[in-house]
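Taking it in order: structure first as structure tokens, then the write-up.
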Amino acid sequence: MKQTSISIKGLRKSFGKKGDQKEVLKGIDLSIERGQIIGYIGPNGAGKSTTVKVLCGLLTDFEGEIEVSGLPIRKNELAVKRLIGYVPENGALYEALTPNEYLNLVGVLFDMSPALIAERSTSLLQYFQMQEHADQRMDTFSKGMKQKILIIAGLINNPEILFLDEPLSGLDANSVILVKDLLTKLSAQGKTIFYSSHLMDVVEKISSRIILIDDGQVVADGTFDELRQDSKASLEQVFAKLTGANRSESETSVLDEVFKN
Amino acid sequence: MSTFKQIIQSPVNVILVVLGVDVRHFWVLLGAKLKMDFRRPPNSFQSGGKKQTLLKQLLVYGVLGGIMVGSLYQIPDLMLQLSVFYAFLIVFAGTILLTEFTSVIFDEHENHVLLPRPVSSRTLLLVRLAHILVYMSNIALALSLPFTIYLAFQHGILALVFVLGVLLCAWFTLLLVVGFYMWLSKLVSVNRFKDVLNYFQIGLAIIIMGSYQLVPHFIDDANMEQLTFQSAWWTNLVPSVWFAGFTQYAGGIGSNLYLFLMTLGVTIFGSILLVRVLSSGFSAIISESGSASSSTKTKSVKLAKTGKWLNKVLNMLCISEEEKTGWRLTKSHIKSDRKLKQQLYPMLAYSLIMVVILLKPDFKSETNYFVELGESSKYLMFMLAAFFGTLGIPIISFTDTPKAAWIYSMASTNKKHHIHSGAVKSLLFTFFLPLYVLFLIPIVIIWGWTTVPLFVLGGLLSTTLAVLLVRIQGDKLPFTQCREMMNKGEYTMKMFLGLMLMGLIIGLVYLVSMAHVGIAIALCVLMPFVISLSYRTIRNSN
């Protein structure tokens with residue numbers, strides 16, 4: 001029997017002052033099974049990151065019901081956080097620390113033993129070819145190196161569910177391959193991956209299910225083949241069609257005007 | 001674990017358990033924060049290490065404490081001495097908390113690091129409080145060191161109890177300020193919290209400064225030597241009196257058990273209330289407030305408009321387009337940078353409170369008071385008060401998003417420091433000049449037109465002193481330094497250093513006032529050249 005990993009019912013989220021509110025999520029209903037790799041895509045401002053932040057406990061004031069591994073997140077905030085890993089879009093790191101120091105800190109927060117933290121840190125740093133930088137301060141790192149540490153920190157607790165928000169930002173081609181392989185392996189082990197991204201080719205290749213949101217609502221949900229409806233269209237073309245991103249002539253002519261000289 | 005660490009940590013662990021905080025999480029987070037504080041970013045151009053800077057700061061606080069002892073020495077009554085000192089400490093610590101540590105309490109960047117991890121809101125709040133307390137304790141102990149020495153000579157062992165009282169007092173002030181924030185968060189929605197917080201900080205700064213500075217200043221100096229502490233029902237409601245009573249009772253020379261218990265009760269139950277009860281609200285604020293501002297409807301932020309008259313001012317006061325750009329950039333930043341506002345606007349309030357403190361109005365005999373005032377040289381005090389309008393200069397380099405550093409690097413100009421001089425001029429025009437013009441009105445009414453040249457001379461000298469503030473800051477261009485790099489307590493130290501230098505200027509103007517008024521007028525005519533030369537030093541910086 002398939003187990004539900006994440007259940008979202010009527011998720012609504014607004015920002016702003018009363019009378020001047022912007023509803024970012026307008027009633028999202030999803031049921032995600034254990035072991036699925038969810039490609040969560042949508043145009044800028046559609047509500048992708050807000051969804052991830054709500055699911056990871058970064059935003060707590062929302063409407064609707066969310067359960068993670070059967071636990072309602074409002075009542076089981078810490079228990080849910082122990083089950084998940086989160087890889088944010090940007091460098092949410094303590095950059096003045098070294099990777100070893102930072103990973104130790106994150107490991108302690110997950111109540112891991114020092115030996116287990118050391119073992120997992122060493123293995124993951126090795127996998128991402130970062131072991132030689134393990135004792136260097138992260139404020140000297142490139143964006144890609146910092147992103148690798150964010151991914152490692154998201155995995156250090158061996159989470160049941162992994163939330164990734166644009167995780168490939170700044171990574172080189174080899175590292176992208178490493179991440180893709182890793183996500184496939186984790187999915188095979190029964191872990192749920194919630195992958196939010198703009199990179200259609202990666203989503204297309206690794207996702208077992210793709211959810212497209214636009215203006216805070218789910219506009220498409222299914223496998224890649226289901227979304228393209230037996231055509232030969234790429235995910236990018238499907239995305240453009242569903243989100244109405246085809247440019248009008250007047251919009252493109254603006255550029256001609258700008259660069260005419 | 002070393003024995004010393006164990007001795008320190010064991011009793012604290014008991015408190016942590018009582019407060020419902022995860023002990024292991026607490027120590028590892030606090031350790032990481034302190035470690036990061038002492039690691040300077042490798043690209044920093046700061047001279048000297050952090051430890052060296054901290055020592056310098058503590059030295060300045062020690063000197064301030066020494067000046068305070070000079071006043072306290074005149075009071076013969078120990079209870080009153082202690083009450084006045086603790087009042088001073090609460091004001092000082094409260095001011096630093098409001099101006100420099102609020103951003104530590106609501107650190108949005110850290111929310112992204114910690115909130116997705118299983119850290120309880122109690123732990124998160126207490127770690128932030130403890131982190132601040134480390135710095136507050138350093139400052140409070142440095143400030144109280146001269147008085148501790150004085151007490152050790154006068155009362156022996158009481159000095160040790162006093163040190164404990166100082167630490168408790170610093171903790172109490174922290175609880176008070178954060179408690180106000182928590183209370184405020186219950187009153188307004190999370191989305192409005194930051195806006196309200198801004199105004200609230202300014203208001204709270206005025207209340208703290210006002211209540212603790214104005215009241216004692218209405219006491220007649222002449223009777224200082226006869227002053228003794230007179231216990232009344234209302235004195236039992238004054239926090240500084242609690243701590244004074246605590247020190248005396250624990251030191252074995254007081255008998256007021258109520259004050260002793262009040263001190264312990266307020267600090268213990270205040271901690272429990274804040275950490276165990278109010279921290280859940282805190283968690284909601286910090287998780288929402290960062291995202292709220294970035295996700296609300298995009299506000300159209302326009303570059304500060306320059307009307308016709310302002311264009312004329314810019315053309316008159318700025319010598320290059322880069323200077324004008326620095327001026328406009330600063331104006332826009334002041335409008336949009338909430339944290340900058342939180343630091344700048346209380347300064348204006350302090351300035352007005354300073355006037356009242358320094359002039360000590362006597363409402364009982366108004367006529368005599370104004371006659372005596374008109375015969376005195378107290379107009380000089382307005383210069384000191386107006387100087388608060390220049391105190392934005394040492395912080396103009398700092399921002400949360402120091403992207404200007406990249407923009408300056410990419411800009412095709414070799415006049416980058418003109419931007420800095422433009423920023424300084426903009427700050428002076430926005431904050432200092434209006435205060436000065438405002439103060440000119442009572443000066444003309446009370447002291448007459450003859451004091452105007454002296455007052456103008458003081459203003460022109462202050463404008464030159466502003467250049468010195470830039471040099472103290474190390475000529476860092478505006479909005480190029482990450483706010484996190486600003487040493488805790490550094491701003492307050494520079495503020496006091498600036499005020500001390502302003503004291504010298506006031507002395508100079510006082511000397512000029514003894515000469516013919518023509519000398520003051522001549523110096524006023526000469527000063528624009530001096531100012532022009534001094535601002536050239538900013539523009540020509542490397």
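In what follows, chains are A, B, ... by sequence order, proteins preceding strands, each numbered from 1.
In this structure, chain A has a heavy atom under 4.5 Å from the side chain of L114(B), while its backbone stays farther away. Using a 4.5 Å cut-off between heavy atoms, D111(A) contacts chain B through both its backbone and its side chain. Heavy atoms closer than 4.5 Å to chain B are found in the side chain of Y102(A), but not in its backbone. Using a 4.5 Å cut-off between heavy atoms, A153(A) touches chain B through backbone and side chain atoms alike. Contacts between S120(B) and chain A at a heavy-atom distance below 4.5 Å involve backbone atoms as well as side-chain atoms. For V106(A), the part sitting under 4.5 Å from any heavy atom of chain B is the side chain, from C-beta outward, and nothing else.
Within the 3.5 Å criterion, the main-chain N or O of H112(B) finds no donor-acceptor partner in the side chain of K53(A). At least one donor-acceptor pair under 3.5 Å links the side chain of H25(B) to the backbone N or O of V108(A).
Between chain B and the options L78(A), N157(A), L109(A), the largest number of non-hydrogen pairs under 4.5 Å is found for L109(A).
For the pair M36(B) and A96(A), the tightest heavy-atom approach, listed with the atom from each and the gap, is CG-CB, 3.7 Å.
Between L29(B) and L105(A) the shortest side-chain heavy-atom distance falls below 4.5 Å. Using a 4.5 Å cut-off on side-chain heavy atoms (C-beta onward), K35(B) and E101(A) make contact.
If you take CG on L97(A) and NZ on K33(B), they are separated by 11.0 Å, rounding to the nearest 0.5 Å.
Counting non-hydrogen atoms of other residues, nucleotides and ligands closer than 6.0 Å to CD of Q189(A) gives a total above 12. The neighbour count for R82(A) CZ, taken as heavy atoms of other residues, nucleotides or ligands under 6.0 Å away, is above 12.
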